[in-house]
Peer 1: 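Structure below; questions to follow.
Start at 1 and go down the list; that is how both ligands and their atoms are numbered.
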Amino acid sequence: MNARKLKQSISALTVSEGAGVTVHRTIGTPALRQLDPFLMLDHFGSDNPDEYIAGFPDHPHRGFVTLTYMIDGHMLHQDSMGSRGDLQAGSVQWMKAASGVIHSEMPQQTNGLMRGFQLWINLPATEKMGRPAYQDFPSARIPVAHAGGATVKIISGAYAGQRGPVDDPHTAVTYLDVSLTPNNEFSHDLPAGLNAFVYVYEGRIGIASDSVNTHTLAVLGAGDRVSLVAGDGGARLILVAGRPLHEPVVQYGPFVMNTEDEIRQAVDDYRHDRLVRTEASRNSF
Ligand code: CO
């Protein structure tokens with residue numbers, strides 16, 4: 001087994017999105033434009049409602065998948081076809097925007113807390129103009145494994161003989177939410193061909209001789225195993241990996257296609273109210 005080392009460390013950039021929501025962005029910043037197949041990682045969370053209560057009013061997406069994971073609080077969402085949902089703490093939404101979705105996402109606090117992640121996963125060219133779809137997974141559907149001092153929620157991929165409910169067929173995504181007690185070690189086998197990262201959202205971790213602090217994303221180098229250790233105060237992190245698509249990426253805000261022409265088409269479709277071509281199918285579990 002060959003342990004993956006720290007390849008690049010990215011401190012989150014605090015940016016204002018939507019109608020004034022403060023997010024901590026790592027993938028999708030000048031320091032890391034993308035990590036194929038991942039296009040963006042936003043960590044949102046604040047105990048100050050003024051920083052997020054205006055939410056993300058109606059906005060479009062085309063050409064990729066959004067994977068939203070709520071840790072605390074909840075998120076009301078509504079799309080252009082009138083579908084509504086309320087993503088509760090611990091639950092996950094996989095939304096394949098594909099040919100086009102216009103929706104709103106409004107974070108809400110519970111007991112003063114609101115925290116979560118949104119990851120953008122690219123789609124292969126053959127799927128970019130396919131039919132949009134949603135899948136919501138309540139907290140009860142996310143398996144939890146306990147191993148030593150580690151608690152691992154399995155959102156996607158496999159860990160300790162259990163499988164997460166989210167299945168992204170094009171990029172074989174692994175997505176684990178890992179809580180570690182102080183100085184606890186955690187390791188996980190990952191196929192060598194996957195791109196992988198760790199994002200620390202509480203505490204600090206060590207990867208070999210490197211240290212990774214809170215609100216920092218660690219891009220992992222080549223290897224077939226991830227091995228890390230929590231600092232003295234313990235740590236919470238997500239470990240994410242996926243199969244790269246190796247396709248050209250042309251992005252203009254919420255539209256991610258393969259060519260400039262396709263981007264021009266997306267902008268034109270949006271301006272002329274043609275972005276949403278077909279209703280999203282919705283599967284709830
Ligand atoms: Co959105």
Peer 1: Examine the side chains of Arg204 and Thr214 and answer whether a donor and an acceptor come within less than 3.5 Å of each other.
Peer 2: no

Peer 1: Between the side chains of Arg274 and Asp268, is the shortest nitrogen-to-carboxylate-oxygen separation below 4.0 Å, so that they form an ion pair?
Peer 2: yes

Peer 1: Show all protein N/O/S atoms under 2.8 Å from the Co ion (ligand 1), or state that there are none.
Peer 2: His59 NE2, His61 NE2, His103 NE2, Glu105 OE1

Peer 1: Could you give me the CA-CA distance, side-chain angles and deciding distance for His215 and His24, then say whether ring pair (Phe, Tyr, Trp, His ring centres under 6.0 Å) is met?
Peer 2: CA-CA 7 Å; His215 292 175; His24 306 286; 4.2 Å; yes

Peer 1: Taking all atoms of both residues into account, what is the closest heavy-atom pair of Ala150 and Asn184, and its distance?
Peer 2: N-OD1, 3.1 Å

Peer 1: Taking the inter-plane angle between the rings of Tyr199 and Phe117 on a 0 to 90° scale, is it parallel (under 30°), tilted (30 to 60°) or perpendicular (over 60°)?
Peer 2: perpendicular

Peer 1: Surrounding CG of Asn2 (heavy atoms of other residues, nucleotides or ligands, distance under 6.0 Å), is the total greater than 12?
Peer 2: yes

